[in-house]
S.K.: 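So that we are looking at the same thing, I have put the structure below in structure tokens.
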Protein chains: 2
Amino acid sequence: MPEISNRGRQMPASPIRKLTPFADKAKREGKKVYHLNIGQPDIETPAVMLDAVKNIDFKVWAYTPSEGTLTYRTKLTEYYNKLGYQIEPSDILVTMGGSEAITIAMQTCMNDGDEVIIPEPFYANYNGFACMSNVVVKPILSQIENGFALPAISEFEKLIGPKTKAIIICNPNNPTGYLYSRSELEALRELCLKYNLFLFSDEAYREFCYDGKEFISPMHLEGLEEHVIVLDTVSKRYSACGARLGCLITKNKEVIAAGLKFAQARLSPGLVEQIAATAAVDTPDSYFEAVNKEYTLRRDTLVNRLNNIPGVTCPNPGGAFYVVARFPIDDADKFCQWMLEEFNYDNQTVMMAPATGFYSTKGVGTNQVRLAYVLNKEDLEAAMKCLEVALEVYPGRI
Amino acid sequence: MPEISNRGRQMPASPIRKLTPFADKAKREGKKVYHLNIGQPDIETPAVMLDAVKNIDFKVWAYTPSEGTLTYRTKLTEYYNKLGYQIEPSDILVTMGGSEAITIAMQTCMNDGDEVIIPEPFYANYNGFACMSNVVVKPILSQIENGFALPAISEFEKLIGPKTKAIIICNPNNPTGYLYSRSELEALRELCLKYNLFLFSDEAYREFCYDGKEFISPMHLEGLEEHVIVLDTVSKRYSACGARLGCLITKNKEVIAAGLKFAQARLSPGLVEQIAATAAVDTPDSYFEAVNKEYTLRRDTLVNRLNNIPGVTCPNPGGAFYVVARFPIDDADKFCQWMLEEFNYDNQTVMMAPATGFYSTKGVGTNQVRLAYVLNKEDLEAAMKCLEVALEVYPGRI
């Protein structure tokens, strides 16, 4: 039997799915499981987007240009230029989800063995994309004590060496929800200019900023045009995770030209999705206002409940729909599994993602958990009641 | 300005698109251009598939499992088991187009620097996927004189070394249309068993076999279960190229388990496409019969017309919807560009793909051209008239 590859062995399994067998078992045993482990929102996709799918009128489900249709890219510039990005359709490569945008960015910009610095905890799939691209992830620790703010620039500089090629930020952050400030981004600009680094800006959660806080992108900063690559997706913006449509945006023409060759190899992004996402740009503001209000309520509910549980620390993040909380426990992996296997309160339990999967440094974040507030307030309250009781009776409580 | 990667520089541009600027210019000048360069059929997508899109009834466009929905994978086994593949849903990974299936197969099975043997001319994007995967393509020449039949096994053995890990066949073949016989596949089975190689079977054109010829897959051969990886797509089967939905099939559980990790990194294939493709499995036989009849007519038209042009040689292939023909010319790249830039007949011209893009060996196939018979008979006749005249007056005729 031929052997699989080293890369096939080394590819990390998804940390948010490794407890799924235990959740499935809990459900088979009749337990109600509140899913706070995944970023699949229950928010409805805008009607204008779904209607565009229902109203397709082509007879041949044909390829589109590899870079995406001009119609869609033109409409996207309308969306981005309202945000002040000042881009043209030719600055955009339409991709199959944000995932493909990240892979293309890594493969276009980084050689085998090159290093990318990422503040941790970070979106776990960056590890997979790095593995696929032979890129080395250099994590830099952000701290729960200051709400997972950007680590000091001096800490970045300690990691920068001849192989350093890029920095990835996810803003607002998955998993911490932290929203980077203008001054943090300006500090990153100086760093990227000083060391001639690419700055990959994963903005999947751009729409989700709370408390009137402003979203700042590296696209808003002057002098960084050749360095910034925005990685985006319609998944969270329109609650359309299953559409698998994203894009890569940069003013760097060399990156666009090389990225296009990766896009050409896989021929085309989806046609129906591009039609739907073109329509989605006209989603009324009222949709986003309602969603924002709903998430603010959920965040407030979750963060308040968590901080009222003895021994629990949870920062109040400015964006996205995740928090990373610290629990008074021995080991988050054990605790999350125990919640599914051993625990129930009124025949209910909660599935959460142990934060260890979001740290690259071993042994860090072992008492931290990521919770996604993708359920309504009532379910969140019920889930928090379960958690409260669980933390009282968990044998590994410390 | 930070530099792009070596891989970004080395990625091959799509050979079927490099003449597009010339075609665009010809169109701006008012010429009618017959597109025989690309595999985008004009055949209508089955109504049952498009209706499924129009009838979606979900409110949240959500992720599906990374391996594809159980509903779709179960329905797919119905399709494949009718062909005698004897597979289960757990033998399938649903992918974003056949392209992703090929990338996952390469990355799961092959280490950096490992070699894959591919009979040439071959589907040009294998080069791109190999570049993305740090895999080395070792081409093995097939000959127009015998219709691009499988090269002798002794020729394969000359190429096999310690780094050889897999063979790719595309059956029926793109670009040659050649349909491999049972005895050719049996010879490949012995070879793969002898040298412990994976056999990647790209079956994108499975539905398109003519003259009553039988399609044989390595899945039909005994003893090769751990070696065979089928790479498939709905693109050509249902004329749904823009759906970007494919799959990887294997009985090798280690490959499925490792491949799933690559699938998990990008989270999910498209939801709407899986709904549509589930419905498409119930496409009536009459659809395929009509399509097959239409393509047979087109192939006969094209092959007859080509062979009646003085100096042109074109084999009569058993499948797919391409031919590779030899022209009495100095250089196919120059000729195809000249057709767009300099030539017109009655204000019409033809866009074709120079075959050099499908050869990995330099200097081979320089007088060969790939033609896709994706237009109706009338347009094909008109295109052939253009070509006939063009070959008379082309300055580089030899």
Side-chain angles (χ1 to χ4, degrees), chain A residues 1-2 4-9 11-14 17 40 42-45 50 53-54 56 59-64 96-97 99-100 107-112 125 128-129 132 134 165 196-198 226-227 239-244 254-255 258 261-262 264-273, chain B residues 1-2 4-9 11-14 17 40 42-45 50 53-54 56 59-64 96-97 99-100 107-112 125 128-129 132 134 165 196-198 226-227 239-244 254-255 258 261-262 264-273:
Chain A
M1 177 168 135
I4 65 165
S5 66
N6 297 329
R7 189 186 271 144
R9 285 203 187 82
M11 266 297 282
S14 169
R17 287 166 203 260
Q40 171 58 59
D42 62 343
I43 302 287
E44 290 187 9
T45 309
L50 295 179
V53 175
K54 291 172 189 163
I56 55 158
K59 298 276 186 194
V60 181
W61 197 338
Y63 289 126
T64 79
M96 306 188 72
S99 304
E100 194 191 46
Q107 299 212 344
T108 299
C109 299
M110 302 184 71
N111 288 321
D112 288 3
N125 287 320
F129 305 134
M132 288 163 65
N134 283 349
K165 199 65 192 288
N196 201 25
L197 305 177
F198 284 110
E226 303 288 342
H227 299 252
S239 194
C241 297
R244 315 313 302 132
E254 241 190 354
V255 170
K261 295 189 289 183
F262 290 88
Q264 284 182 344
R266 58 69 166 136
L267 303 170
S268 165
L271 169 62
V272 170
E273 287 69 15
Chain B
M1 176 167 136
I4 64 166
S5 67
N6 298 328
R7 189 186 270 143
R9 286 203 187 81
M11 268 294 283
S14 170
R17 288 165 204 260
Q40 171 57 61
D42 61 344
I43 301 288
E44 290 188 7
T45 309
L50 295 179
V53 175
K54 291 171 188 163
I56 55 159
K59 298 276 188 196
V60 181
W61 197 339
Y63 290 125
T64 79
M96 306 189 73
S99 303
E100 194 190 48
Q107 299 212 344
T108 299
C109 299
M110 303 184 68
N111 287 320
D112 288 2
N125 286 319
F129 305 134
M132 289 162 65
N134 283 349
K165 200 63 191 290
N196 200 27
L197 306 178
F198 284 109
E226 304 288 342
H227 299 252
S239 195
C241 296
R244 315 313 303 134
E254 241 189 353
V255 170
K261 294 189 289 181
F262 290 88
Q264 284 181 343
R266 59 70 166 136
L267 303 169
S268 164
L271 169 61
V272 170
E273 286 70 16

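Per chain, numbering begins at 1; letters A, B, ... match sequence-line order.
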S.K.: When rounded to the nearest 0.5 angstrom, what distance separates CZ in Arg9(A) from CG in Asn111(B)?
M.R.: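 Nearest 0.5 Å value for the CZ-CG distance: 8.0 Å.
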S.K.: Given heavy-atom pairs under 4.5 angstrom as the criterion, report whether the side chain, backbone, both or neither of Ile4(A) touches chain B.
M.R.: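 It is both, since atoms from each part get that close.
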S.K.: Of all of Gly8(B), Ala258(B), Ala265(B), Cys109(B), which one pairs up most often with chain A through heavy atoms under 4.5 Å apart?
M.R.: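 Heavy-atom pairs under 4.5 Å are most numerous for Ala265(B).
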S.K.: Is there side-chain contact between Ser268(B) and Arg244(A), with at least one heavy-atom pair below 4.5 Å?
M.R.: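 Touching, per the 4.5 Å side-chain cut-off.
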S.K.: Does any backbone or side-chain atom of Asp112(A) lie under 4.5 Å from a heavy atom of chain B? Answer side chain, backbone, both or neither.
M.R.: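 The side chain, not the backbone.
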S.K.: Inspect the surroundings of NZ in Lys59(A) and state if more than 12 heavy atoms from other residues, nucleotides or ligands are less than 6.0 Å away.
M.R.: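 Check fails, neighbour count at 12 or below.
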S.K.: Any idea which of Gly270(A), Gly242(A), Ala243(A), Ala13(A) has the most non-hydrogen atom pairs under 4.5 angstrom with chain B?
M.R.: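 Heavy-atom pair counts peak at Gly242(A).
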S.K.: Top residue by heavy-atom pair count (under 4.5 Å) with chain A, among Gly97(B), Ser14(B), Ala240(B)?
M.R.: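 It is Ala240(B).
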S.K.: With a 4.5 angstrom heavy-atom cut-off, could you sort out which part of Met11(B) is near chain A: side chain, backbone, both or neither?
M.R.: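 Both parts, backbone and side chain.
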S.K.: Counting only N and O atoms by type, is there a donor-acceptor contact under 3.5 Å from the side chain of Thr45(B) to the main-chain atoms of Trp61(A)?
M.R.: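 Checking the backbone N and O of Trp61(A) against the side chain of Thr45(B), a donor-acceptor pair under 3.5 Å is found.
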S.K.: For chain B, which candidate among Ile56(A), Val272(A), Leu271(A), Asn196(A) shows the most heavy-atom pairs at distances under 4.5 Å?
M.R.: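 The residue among Ile56(A), Val272(A), Leu271(A), Asn196(A) with the greatest pair count is Asn196(A).
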S.K.: Under 4.5 Å between any side-chain heavy atoms of Asn125(B) and Gln264(A), yes or no?
M.R.: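 A side-chain contact under 4.5 Å is absent here.
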S.K.: Of the listed residues (Gln40(B), Lys165(B), His227(B)), which shares the most heavy-atom pairs with chain A below a 4.5 Å separation?
M.R.: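 Most pairs with chain A among the choices: Gln40(B).
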S.K.: Counting only heavy atoms closer than 4.5 Å, note whether Leu50(B) contacts chain A via side chain, backbone, both or neither.
M.R.: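 It is both, since atoms from each part get that close.
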S.K.: Specify which of Gln107(B), Met110(B), Met96(B) makes the most heavy-atom pairs with chain A at under 4.5 Å.
M.R.: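 Counting heavy-atom pairs under 4.5 Å, the top option is Gln107(B).
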S.K.: Are side-chain heavy atoms of Val53(A) and Val53(B) found at a separation under 4.5 Å?
M.R.: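 Result yes, sub-4.5 Å side-chain heavy-atom pair found.
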S.K.: Identify which part of Ser99(A) has an atom lying under 4.5 Å from any heavy atom of chain B, answering side chain, backbone, both or neither.
M.R.: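 The side chain, not the backbone.
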S.K.: Go through the atoms of Met1(A) and report whether side chain, backbone, both or neither lie under 4.5 Å from a heavy atom of chain B.
M.R.: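 Both backbone and side chain of Met1(A) come within 4.5 Å of chain B.
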S.K.: Please report the interatomic distance CD(Glu254(B)) to CD(Glu226(B)), rounded to the nearest 0.5 Å.
M.R.: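 If I round to the nearest 0.5 Å, the distance is 8.5 Å.
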S.K.: Listed by chain and number, what are the side-chain hydrogen bond (donor to acceptor under 3.5 Å, both in side chains) partners of Glu100(B), not counting sequence neighbours?
M.R.: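 Glu100(B) satisfies side-chain hydrogen bond (donor to acceptor under 3.5 Å, both in side chains) with Arg266(B) once adjacent residues are dropped.
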S.K.: Can you tell me which portion of Ile43(B) sits under 4.5 Å from chain A's heavy atoms? Options are side chain, backbone, both or neither.
M.R.: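 Contact with chain A involves the backbone of Ile43(B) alone.
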